[in-house]
*Asks:* 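The structure follows.
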Amino acid sequence: MAPSDDNQQIYEDAGVIDVYREAGRPQQAELNMFEPISEELRAGRLLDIGIGAGRTTAYLAPKVGHYVGFDYSHGLVAAAQKLYPEAEILWCDARDMSVFEDASFDFVNFSFNGLDSLDHEGRLQVLAEVRRVLKPGGHWMFSSHNRDYYRRGLLPWQPPFKPGRVMLKKSAEAIAARKSWRKLRKEQVETPVYALVNDEAHNYSLLHYYVTPETQTRQLEDAGFTDVRVYDQWGTEIDGKSPKSIWLYYDCRRA
Ligand SMILES: C[S@@+](CC[C@H](N)C(=O)[O-])C[C@H]1O[C@@H](n2cnc3c(N)ncnc32)[C@H](O)[C@@H]1O
C-alpha cells in the first residue's frame, strides 16, 4: 500500500474523527488571508477540500455566496453533515474532482495541511484538478508543512529542544506511540523536491509531505498558478525561509 493510502485509513479511525469533531476556530493565518477578501467571498463560490468534521465549514459557509465542502473520509463526511446539516457536504477524493465542472469555483481551499496526506504524484493530481475547477483569476489557498522547520522529523528528546513540561509531556506521548513511529520512520523519504516525514500528528500515525516555500512556489507556478503569497504559522506574510514555523499558508491565483 502507498503511504498516502495508509494516511487515508487513519482519517477513518473513530478516535481521529472525535478529534476533528472537537476542532475549533479559524487559525490566525486563515483570518489574515480570508478577512481582507470578504467582499469577494460574499459574491463567490467556494470549494472547501478536506473539511474533516467541518471546522472551516463553520467559518466559511456563512461568508460565501455558495459553499461546497468535501472530504475523502466517509466517517468525517458523516460527522460534518450531522454538525452542519444546511451546508452542501459530500464525499470526494481531491485527486479526482470529476463531479465538479471546469471553471466552476472562485475559491478553492484545502486547510490544515490536508494536502500533505498525499504522496508527490497525488499532490500534483490535486494541483491539476484545482486549476481545472477554478475560474481564471480564482484563489487557491492551502497550508503545507515547512521543510525548513528547525525540528523537522525530530523526536521530542532529540536536540535542539526547550527543556520543560511540554518537552516531557511530548516525550511521554512519543514513548506511548513508539510502535507506530518505529515502523513509519523506516518509510520516511528525502528527495531534492520534498520529504515524507513521520511527525507527531495523530500519535505518529501519518507520513506528511514537507516542502520549502521556494520549491512549493515553483511547483505552483509549474501547475499554472501565479501571484503566490506565503504566510507563517502566525499569519505574517514571509519572503524567504521561516524555520520556526512548522507549516506555511499559501494563497495564489489561477493564471
Ligand atoms: C489535518 S485534517 C484537517 C481537517 C479540517 N480541514 C480541519 O482543519 O479541521 C486533513 C483532512 O484532509 C482530508 N484529506 C486528505 N487528503 C484528501 C483527499 N485526497 N481528498 C479529500 N480529503 C482529503 C482528510 O480526510 C482530513 O479530514
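Whatever order the structure lists ligands and atoms in, that order sets their numbers, starting from 1.
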*Asks:* Going by the atom numbers of ligand 1, which of them fall below 4.0 Å from some non-hydrogen atom of S111?
*Replies:* 6 (N), 8 (O)
*Asks:* Mind checking side-chain contact (heavy atoms from CB on, under 4.5 Å) for E214 and listing every partner two or more places apart, or none if nothing turns up?
*Replies:* D148, T212, R218, K241
*Asks:* Can R95 and E129 be counted as an ion pair, charged N to O under 4.0 angstrom?
*Replies:* no
*Asks:* Below a 4.0 angstrom heavy-atom separation, can you tell me which part of L76, side chain or backbone, both or neither, approaches ligand 1?
*Replies:* side chain
*Asks:* Taking both backbone and side-chain atoms of D93, is any N or O found less than 3.5 Å from an N or O belonging to ligand 1?
*Replies:*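 Yes, at least one N or O pair falls under 3.5 Å.
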*Asks:* Which of the atoms in ligand 1, numbered in the order shown and given with their element, are less than 4.0 Å from a heavy-atom of G52?
*Replies:*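 In order of numbering, the contacting atoms are 4 (C), 5 (C), 27 (O).
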*Asks:* Suppose we measure from atom 2 (S) of ligand 1 to each protein heavy atom; which comes out shortest, and what is that distance?
*Replies:* Y20 OH, 3.3 Å
*Asks:* Which residue and atom name correspond to the protein heavy atom nearest atom 10 (C) of ligand 1, and how close is it?
*Replies:*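 Answer, as residue, atom name and distance: G114 CA, 3.6 Å.
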*Asks:* Go through the side-chain N and O atoms of S144 and D116 and say whether any donor and acceptor fall under 3.5 Å apart.
*Replies:*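 Yes - a donor-acceptor pair under 3.5 Å links their side chains.
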*Asks:* Strictly distance-based, threshold 3.5 Å: is any side-chain N or O of R132 a donor or acceptor partner for the main-chain N or O of F100?
*Replies:* yes
*Asks:* Walk me through whether Y194 and H208 qualify under ring-ring contact (aromatic ring centres under 6.0 Å, His included).
*Replies:* CA-CA 10 Å; Y194 64 90; H208 276 139; over 10 Å; no
*Asks:* Identify the closest protein heavy atom to atom 4 (C) of ligand 1: which residue and atom is it, and at what distance?
*Replies:*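 Of every protein heavy atom, G50 O, 3.5 Å lies nearest to atom 4 (C) of ligand 1.
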*Asks:* N/O of S73 under 3.5 Å from N/O of ligand 1, yes or no?
*Replies:*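 N/O-N/O distance under 3.5 Å: no.
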*Asks:* Pick one of side chain, backbone, both or neither for how A201 approaches ligand 1, counting any non-hydrogen atom pair under 4.0 Å.
*Replies:* neither
*Asks:* L118 heavy atoms, cut-off 4.0 Å: which ligand 1 atoms fall inside?
*Replies:* 19 (N)
*Asks:* S117 heavy atoms, cut-off 4.0 Å: which ligand 1 atoms fall inside?
*Replies:* 15 (C)
*Asks:* Any idea which atoms of ligand 1 are less than 4.0 Å away from a heavy-atom of C92?
*Replies:* 20 (N), 21 (C)
*Asks:* Going by atom types alone, do D96 and S98 pair a side-chain donor with an acceptor below 3.5 Å?
*Replies:*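 Yes, side-chain donor-acceptor contact under 3.5 Å.
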*Asks:* Can you find a pair of side-chain heavy atoms, one from V77 and one from L90, that are under 4.5 Å apart?
*Replies:*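 Counting from C-beta outward, V77 and L90 never come under 4.5 Å.
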*Asks:* Touching ligand 1 at all, G54? Heavy atoms, strictly under 4.0 Å?
*Replies:* no
*Asks:* Closest non-hydrogen protein atom to atom 13 (C) of ligand 1, residue and atom name please, with distance?
*Replies:*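 Heavy-atom neighbour on the protein nearest atom 13 (C) of ligand 1: D71 OD2, 3.4 Å.
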*Asks:* When you look for heavy atoms under 4.0 Å from ligand 1, do you find them on the side chain of A94, its backbone, both, or neither?
*Replies:* both
*Asks:* Starting from atom 7 (C) of ligand 1, locate the nearest protein heavy atom and write down its residue, its atom name and how far away it is, to 0.1 Å.
*Replies:* R55 NE, 3.4 Å
*Asks:* I need the atoms of ligand 1 closer than 4.0 Å to a non-hydrogen atom of F70, numbered in the order shown.
*Replies:*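 Per the distance check, 21 (C).
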*Asks:* Here's one to test your reading of the geometry: is the NZ or CZ of R45 within 45 degrees of the ring axis of F105 and under 6.0 Å from its centre?
*Replies:* yes
*Asks:* Please work out whether any backbone atom (N, CA, C, O) or any side-chain heavy atom from C-beta onward of I51 is under 4.0 Å from ligand 1, and answer side chain, backbone, both or neither.
*Replies:* backbone
*Asks:* Using modelled atom types only, decide if a donor and an acceptor are shared between the side chain of E200 and the backbone of K170 within a distance under 3.5 Å.
*Replies:* no
*Asks:* Determine whether a donor-acceptor pair (N or O, by modelled atom type, separation under 3.5 Å) exists between the side chain of W91 and the backbone of Y72.
*Replies:* yes
*Asks:* Using modelled atom types and a 3.5 Å cut-off, is there a donor and acceptor pairing between side-chain atoms of R185 and backbone atoms of N198?
*Replies:*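 The answer is yes, because a donor-acceptor pair under 3.5 Å joins these two groups.
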*Asks:* Looking at atom 18 (C) of ligand 1, what's its closest protein heavy atom, distance included?
*Replies:*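 I find the closest protein heavy atom is Y72 CD1, 3.3 Å.
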*Asks:* Has Q233 got a side-chain atom pairing as donor or acceptor with I246's backbone, closer than 3.5 angstrom?
*Replies:* yes
